[in-house]
Amino acid sequence: MTPAQVGFPGARLAARLVTRTQRKGKWIQTIVYLLSSLTLDQLQAEGLLALKRGYWVIESRLHHCLDLTMQEDLSRVRTPNSARVLGTIRRILITFSNAALDQKRKEHPKTKCNTKSFRQRFLSTKGGPQRLEDLIFSNSPDILSL
């Protein structure tokens with residue numbers, strides 16, 4: 001069968017990726033099928049694995065943070081413009097939070113800081129309002145320190 005016949009006209013490569021992970025002391029094997037518009041010469045096995053991992057970076061660094069830290073799923077905003085504005089603000093805050101965490105992890109690789117602790121710093125009564133004001137009004141705010 002051709003790629004067009006199976007509904008993927010741009011596909012040039014199909015791959016089967018077998019991964020093994022250990023959870024609670026037990027090894028679990030997972031099989032994932034991947035499609036790519038690249039040829040095998042253009043993309044070796046390591047490249048395919050990197051693409052697969054790259055997908056999960058988006059899921060874990062953005063969507064998971066939006067759900068847990070910003071509680072986006074609990075939002076009751078229904079007008080399109082309001083939802084768009086609040087979504088943009090949430091994504092900007094997550095971007096700042098991830099930048100702060102990256103900086104903190106370079107200094108202390110075993111840090112327990114996360115996006116929720118970053119958010120809590122703005123909500124705390126000890127310096128939180130001042131940090132938020134610095135974020136909004138300063139040309140180069142020092143908000144990346146946790």
Q: Please check if the side chain of Ser97 supplies one atom and the backbone of Leu93 the other of a donor-acceptor pair under 3.5 Å.
A: no
Q. Got a sec: does the CZ of Arg23 have more than 12 other heavy atoms crowding it under 6.0 Å?
A. no
Q: Calculate, to the nearest 0.5 Å, the distance between atoms CD and OG1 belonging to Gln29 and Thr21 respectively.
A: 10.0 Å
**Q.** hydrophobic_cluster_shared for Ile94 and Ile89, side chain cutoff 4.5 Å
**A.** yes
**Q.** Which atom of Ser82 lies closest to which atom of Val77, heavy atoms considered
**A.** CB-CG1, 3.3 Å
Q. In Å, rounded to the nearest 0.5 Å, how long is the span from CD of Gln22 to CD1 of Ile28?
A. 9.5 Å
Q. Where is the tightest heavy-atom contact between Ser37 and Arg12, given as atom of each residue plus distance?
A. O-CD, 2.9 Å
**Q.** Non-hydrogen side-chain atoms of Asn81 and Arg84 separated by less than 4.5 Å
**A.** yes
Q. Got a second to check how far Glu107's CD is from Asp102's CG, nearest 0.5 Å?
A. 11.5 Å
Q: Under the side-chain hydrogen bond (donor to acceptor under 3.5 Å, both in side chains) rule, collect the residues that match up with Thr30, sequence neighbours excluded.
A: none
